[in-house]
Visitor: 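Before anything else, here's the structure in question.
First the proteins, then the strands, lettered A, B, ... as listed; each starts at 1. Just so it is clear, the structure is predicted and the values come from calculations on it, not from any experiment.
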Protein chains: 2
Amino acid sequence: MNGTAFPRLDPSILADNGDALKFCSTCAFSQACLAQGMDKAALMDLHMLVEHVGPLHAGEHVFREGDAFEAIAAVRAGTVKTYTIDRDGHEHVLGFHLPGEVIGLNAIDGDRYPCNAVALDTAMLCRFSFPKISVLAARLPGLQQHLFRLMSRDIGTATLLAGDWTADQRMAAFVLGLSRRLAARGFSPDRFQLTMARTDIANYLRLAPETVSRVLKRFQDEGLLKIDRREVELSGRERLQELAAPILRS
Amino acid sequence: MNGTAFPRLDPSILADNGDALKFCSTCAFSQACLAQGMDKAALMDLHMLVEHVGPLHAGEHVFREGDAFEAIAAVRAGTVKTYTIDRDGHEHVLGFHLPGEVIGLNAIDGDRYPCNAVALDTAMLCRFSFPKISVLAARLPGLQQHLFRLMSRDIGTATLLAGDWTADQRMAAFVLGLSRRLAARGFSPDRFQLTMARTDIANYLRLAPETVSRVLKRFQDEGLLKIDRREVELSGRERLQELAAPILRS
DNA sequence: CGCAGTGTTGACCAGCATCAATCCGTGTGG
DNA sequence: CCACACGGATTGATGCTGGTCAACACTGCG
């Protein structure tokens, strides 16, 4: 619970610079920058300012609401949940962040993080000082473009979730969304583990945990998926897609 | 209804360049950039790439979903509504944009606008070619920072609206939010016109129009505000703030 | 005047939340 | 090894918020 806010670089990685680079080059953030037209030299610059964070264990925080904002971070492994607690004590889950995804972008406007970020399982991250990456982005058009796109995408997904969809639509979109994002990282799209509790899913989809339970049960009864504890297997992808279509816009 | 997509520069403004500059310098976008540390020369560069759009009349579109994305735009006068139509034909209002606010940021990720933008009353805009402003942003740290902040802020407001709030909370947050944004532009915070129809408010807050009507009525009965047709007067700001507090985080 | 668009009001209903009880997998201690 | 407790998940009963449907009022306009 009382994880240190943004732990510093693991010394064992610092020790061997060559290793650190090789390590980081697997980071999807770098990959995306490359695809965005950055050359090798530029990528090297990016690697110069990255700090490897972790491994964090389930329940340890990456940052907390109110912490001074200094850096964004890319998830390299594991799952990170971002959330806030409103004044009635209710948790609002802003998102679940898989490997390759970036957290902290909503903190840029303001000098403090507006939410908490916690590891749901063992997680590794790359930390990018925001002032530094801004300066670098001015030199590297590909990086600037990549950041713009990431933020733009976040606006889009946030507004999609904001729509007034039924519990079934939300649930279908959630499962399908996970499936697609996992597939994009090379994991199986049809069979995966939920790294978050039912309560977390409920707080993310703005449903009661009981509703999450019931909808999943019904989906199983109707053959859309098989679920055992946290293990999910998609068996009725078409029907799920029909349900989720208006949300995922596909 | 059938407004041209992103009408070109009004020739009467082009005619007198000095006038155009004076005109644009009132633009809140420029103001904000100045505040962000840009100098006069930089501002001049920014003015070089701006195109003035409008006046657009109520119902004319700035852009439509699926149009090629080329530019973001700052509202200079009037109100612009952004919205999408889902496959069931239901309208989802993404936002109402007042003078000084920027639209199109959610289009950067992707080569097409993901939503429509329509003028609710007579509106004027400044259009910024996105490729051009990107290049400029790389030269002007203040501009880059400003863009980052704008997008970050949009992520935040989108996620706030996504929460599961009651009709009363949403309505209070909506009215108070308008009041504050208008106040920031120098308009009266206690007395203003709603430029949008009840249906638009409903589609924005994910409520039925009937609910909007009823909640406003009740707010009036309880002395929180006076409303006559589209004219609003806030009379119980404290109580509204209480209601909206968890949403507006203030 | 009559019509159309927008807004309001009322009656009814459905979806989901809430509350409460129970189940189940896991860890713990005797 | 078993008994027990605990947290998360499930299931059932009930109620409330807000949606839906329908009728009507108001305003502006041809």
Side-chain angles (χ1 to χ4, degrees), chain A residues 1 58-59 81 86 88-93 118 120-121 161-175 193-222 225-232 243 246-247, chain B residues 1 58-59 81 86 88-93 118 120-121 161-175 193-222 225-232 243 246-247:
Chain A
M1 251 305 159
K81 172 181 86 169
D86 70 21
D88 303 333
H90 295 132
E91 177 173 314
H92 295 246
V93 174
V118 65
L120 292 183
D121 47 12
L161 194 83
D164 60 341
W165 317 107
T166 66
D168 285 18
Q169 290 176 312
R170 301 181 105 89
M171 201 64 228
F174 173 68
V175 176
Q193 290 276 130
L194 297 178
T195 48
M196 65 294 290
R198 299 287 192 272
T199 314
D200 290 331
I201 302 179
N203 289 338
Y204 178 61
L205 300 178
R206 289 59 165 113
L207 298 172
E210 293 93 330
T211 306
V212 170
S213 221
R214 282 185 250 265
V215 172
L216 284 177
K217 175 112 194 301
R218 192 154 34 73
F219 278 6
Q220 173 152 293
D221 292 347
E222 293 168 355
L225 50 77
K226 294 190 190 71
I227 185 160
D228 173 43
R229 204 143 170 67
R230 294 200 174 175
E231 175 99 18
V232 185
L243 277 170
I247 305 185
Chain B
M1 253 300 160
K81 171 181 84 169
D86 71 21
D88 303 331
H90 296 132
E91 178 173 314
H92 295 246
V93 174
V118 64
L120 292 182
D121 47 11
L161 193 83
D164 62 340
W165 316 106
T166 66
D168 284 18
Q169 289 176 312
R170 302 181 103 88
M171 200 65 226
F174 173 69
V175 176
Q193 290 276 131
L194 297 176
T195 48
M196 66 294 291
R198 298 288 192 271
T199 314
D200 290 331
I201 302 177
N203 290 338
Y204 177 62
L205 299 178
R206 288 58 165 118
L207 298 172
E210 292 93 330
T211 305
V212 170
S213 220
R214 281 187 252 266
V215 173
L216 284 176
K217 176 112 194 300
R218 191 155 34 75
F219 278 4
Q220 172 152 294
D221 292 348
E222 294 168 354
L225 48 77
K226 294 191 190 71
I227 186 161
D228 173 42
R229 209 151 162 62
R230 295 200 174 176
E231 176 100 16
V232 184
L243 277 170
I247 306 186

Visitor: Return the set of residues passing side chain to side chain contact (heavy atoms under 4.5 Å, CB included) with B:T211 (not counting sequence neighbours), or none when no residue passes.
Guide: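 In terms of side chain to side chain contact (heavy atoms under 4.5 Å, CB included), with neighbours along the sequence ignored, B:T211 is linked to B:A167, B:L207, B:A208, B:V215.
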
Visitor: Any side-chain heavy-atom pair from B:E210 and B:R214 closer than 4.5 angstrom?
Guide: yes

Visitor: From the options A:T195, A:N203, A:D200, select the one residue that forms a side chain to side chain donor-acceptor pair (under 3.5 Å) with A:K81.
Guide: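 Of the listed residues A:T195, A:N203, A:D200, the side chain to side chain donor-acceptor pair (under 3.5 Å) partner of A:K81 is A:D200.
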
Visitor: For A:I201 and C:dA17, what is the distance between atoms CD1 and P respectively, to the nearest whole Å?
Guide: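 Roughly 14 Å, once rounded to whole Å.
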
Visitor: Listed by chain and number, what are the side chain to side chain contact (heavy atoms under 4.5 Å, CB included) partners of A:A172, not counting sequence neighbours?
Guide: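 Only A:F219, A:L240, A:L243, A:A244 meet the side chain to side chain contact (heavy atoms under 4.5 Å, CB included) criterion with A:A172.
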
Visitor: What pairs with B:K226 under side chain to side chain contact (heavy atoms under 4.5 Å, CB included), at least two apart in sequence or on another chain?
Guide: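 Applying side chain to side chain contact (heavy atoms under 4.5 Å, CB included) to B:K226 gives B:Q220, B:E233, B:S235.
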
Visitor: Indicate the ring-plane relationship of A:W165 and B:H92, choosing parallel, tilted or perpendicular according to the 30° and 60° boundaries.
Guide: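 The arrangement is parallel - the two ring planes meet at less than 30°.
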
Visitor: Find the distance A:H90:NE2 to C:dT18:P and express it as a whole number of Å.
Guide: 7 Å

Visitor: Do you know the tightest heavy-atom contact between A:T166 and A:Q169?
Guide: N-OE1, 3.0 Å

Visitor: Could you tell me the boundaries of the chain A footprint on DNA chain D, defined by atoms under 4.0 Å from its heavy atoms?
Guide: D:dA9 to D:dA13

Visitor: Contacts to DNA chain D from residues 205-213 of chain A, heavy-atom cutoff under 4.0 Å, which residues?
Guide: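 Going residue by residue through residues 205-213 of chain A, the ones with a heavy atom under 4.0 Å of DNA chain D turn out to be A:E210, A:S213.
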
Visitor: Please tell me which of B:I227 and A:R214 maps to the more 5' nucleotide of DNA chain C, matching each residue to the nucleotide holding its nearest heavy atom.
Guide: B:I227

Visitor: Is a side-chain N or O of A:D88 found less than 3.5 angstrom from the main chain of A:H90, in a donor-acceptor match?
Guide: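 Checking the backbone N and O of A:H90 against the side chain of A:D88, no donor-acceptor pair under 3.5 Å is found.
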
Visitor: Starting at atom NZ of B:K217, determine the distance to atom C1' of C:dG10, rounded to an integer number of angstrom.
Guide: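 Answer to the nearest Å: 11 Å.
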
Visitor: Quick one: which of A:I201, A:L161, A:I247 gives a side-chain contact (heavy atoms from CB on, under 4.5 Å) with A:F174?
Guide: A:I201

Visitor: Taking N or O atoms only and anything under 3.5 Å, show me the protein contacts with nucleotides 4-6 of chain C, one pair per line.
Guide:
none

Visitor: Give a yes or no on whether the backbone of B:S213 and the side-chain of B:R198 come within a donor-acceptor separation of less than 3.5 Å.
Guide: no

